[in-house]
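The structure under discussion appears below in the form of structure tokens.
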Amino acid sequence: EPEVTQTPSHQVTQMGQEVILRCVPISNHLYFYWYRQILGQKVEFLVSFYNNEISEKSEIFDDQFSVERPDGSNFTLKIRSTKLEDSAMYFCASTVNTEAFFGQGTRLTVV
Amino acid sequence: DAKTTQPTSMDCAEGRAANLPCNHSTISGNEYVYWYRQIHSQGPQYIIHGLKNNETNEMASLIITEDRKSSTLILPHATLRDTAVYYCIAYNDYKLSFGAGTTVTVRA
């Protein structure tokens with residue numbers, strides 16, 4: 001069964017450093033997403049991506065965040081200068097047009 | 001997206017049916033009702049969705065009232081592995097908005 005793959009599963013970084021979270025969506029999917037979940041809180045929408053551009057972003061997705069689909073398979077989330085409050089699980093998702101499939105997440109810890 | 005209301009938590013006995021209610025009284029005509037679940041801190045998992053008709057798949061059944069203002073997710077034979085947070089979401093714009101969901105605990 002096809003699945004969304006995220007790497008790494010865990011990432012520890014120092015405050016102020018840049019991190020790149022990687023995702024391989026399901027191959028025939030057209031819409032791609034990043035969500036995050038701070039420990040004990042709700043799953044929050046960050047950004048959606050379609051046709052090689054951002055289609056919608058939340059207030060959380062400020063200038064420190066960027067997304068890219070550098071080739072036909074990868075979808076990345078970059079955080080330029082991490083802050084302590086960026087510590088969270090980050091989930092990638094993809095869909096054709098109905099149900100979204102989520103990856104298992106990257107646990108980002110900023111120290 | 002229409003707002004949905006779910007109970008905060010519920011318990012269920014293993015092997016019994018679990019009925020999870022959801023209110024979405026402001027749902028619009030083109031919004032679907034989607035159910036996802038999240039087991040521990042894993043990625044959300046799609047369960048089922050519907051517009052007007054009742055739906056069934058290998059995981060669950062979805063019963064939507066005729067006025068579409070509420071729905072019920074039915075897990076026919078709950079197992080311990082169904083312990084999770086269940087999210088009811090009404091949407092139609094390719095962006096899921098997760099609420100707090102219902103924490104379902106299946107007990108042996």
Side-chain angles (χ1 to χ4, degrees), chain A residues 1-7 9-10 21 23-26 29-51 53-61 67 87-109, chain B residues 1-9 22 27 30-53 55-62 64 71 73 81 83-105:
Chain A
E1 184 174 315
E3 60 181 14
V4 176
T5 305
Q6 290 186 242
T7 55
S9 56
H10 294 87
L21 309 183
C23 170
V24 179
I26 294 173
H29 285 189
L30 304 174
Y31 298 84
F32 313 111
Y33 308 86
W34 284 100
Y35 289 78
R36 79 172 187 188
Q37 186 174 34
I38 295 170
L39 186 64
Q41 298 187 22
K42 296 187 301 185
V43 177
E44 300 174 289
F45 168 78
L46 292 178
V47 65
S48 58
F49 193 86
Y50 171 72
N51 202 25
E53 62 182 21
I54 291 173
S55 49
E56 189 170 353
K57 60 184 180 179
S58 71
E59 292 179 354
I60 303 168
F61 195 89
V67 289
S87 294
M89 283 290 290
Y90 287 80
F91 296 109
C92 172
S94 68
T95 184
V96 174
N97 61 0
T98 54
E99 67 267 31
F101 292 83
F102 286 77
Q104 289 306 297
T106 293
R107 181 177 299 281
L108 176 66
T109 302
Chain B
D1 297 343
K3 178 178 167 57
T4 61
T5 304
Q6 300 177 250
T8 302
S9 63
C22 179
I27 195 169
N30 58 353
E31 285 183 312
Y32 285 75
V33 178
Y34 276 72
W35 283 83
Y36 284 76
R37 73 180 183 183
Q38 187 176 26
I39 296 173
H40 195 45
S41 294
Q42 297 178 22
Q45 178 189 22
Y46 166 80
I47 301 173
I48 198 167
H49 75 281
L51 184 63
K52 293 188 291 188
N53 300 322
E55 302 287 345
T56 295
N57 63 21
E58 65 278 4
M59 289 182 69
S61 295
L62 175 61
I64 303 174
S71 61
L73 178 75
R81 288 178 295 181
T83 292
V85 180
Y86 287 77
Y87 302 99
C88 169
I89 303 168
Y91 91 117
N92 69 346
D93 62 356
Y94 297 104
K95 181 193 77 178
L96 293 165
S97 295
F98 290 85
T102 297
T103 298
V104 174
T105 303

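Hydrogens, waters and symmetry mates play no part in the numbers below; they use all other heavy atoms, side chains included. A, B, ... follow the sequence lines: proteins, then strands. Residue 1 opens every chain.
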Rounded to the nearest 0.5 Å, what separation is found between the [atom1] atom of [X] and the [atom2] atom of [Y]?
{"X": "A/Lys42", "Y": "B/Gln38", "atom1": "NZ", "atom2": "CD", "value": "13.0 Å"}
{"X": "A/Phe102", "Y": "B/Gln45", "atom1": "CZ", "atom2": "CD", "value": "11.5 Å"}
{"X": "A/Glu44", "Y": "B/Ser97", "atom1": "CD", "atom2": "OG", "value": "11.0 Å"}
{"X": "A/Glu99", "Y": "B/Ile48", "atom1": "CD", "atom2": "CD1", "value": "10.5 Å"}

Among the options A/Gly105, A/Ala93, A/Ser48, A/Ala100, pick out the one with the most heavy-atom pairs lying under 4.5 Å from chain B.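 Of the options given, most contacts go to A/Ala100.
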Partner chain B: residue of A/Tyr50, A/Phe101, A/Tyr31 with the largest heavy-atom pair count (under 4.5 Å):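 Between A/Tyr50, A/Phe101, A/Tyr31, the count favours A/Tyr31.
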Heavy-atom closest pair, residues A/Val43 and B/Tyr87: CG2-OH, 4.2 Å
Where on [X] is there a heavy atom nearer than 4.5 Å to chain B: the side chain, the backbone, both, or neither?
{"X": "A/Glu56", "result": "side chain"}
{"X": "A/Gln37", "result": "side chain"}
{"X": "A/Ser58", "result": "neither"}

Name the region of B/Tyr32, side chain, backbone, both or neither, that has any atom closer than 4.5 Å to a heavy atom of chain A. neither
If you define the side chain from C-beta out and look only at heavy atoms, does anything of A/Thr98 sit under 4.5 Å from B/Tyr34? yes
Check whether any side-chain heavy atom of A/Thr95 lies under 4.5 Å from a side-chain heavy atom of B/Tyr46, and answer yes or no.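 They are not in contact (no side-chain heavy atoms under 4.5 Å apart), so the answer is no.
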Proximity of B/Phe98 and A/Tyr35 rings by center, below 6.0 Å: yes
Among B/Gly99, B/Pro44, B/Ala100, B/Gly101, which residue has the highest count of heavy-atom pairs closer than 4.5 Å to chain A?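 Option with the greatest count: B/Pro44.
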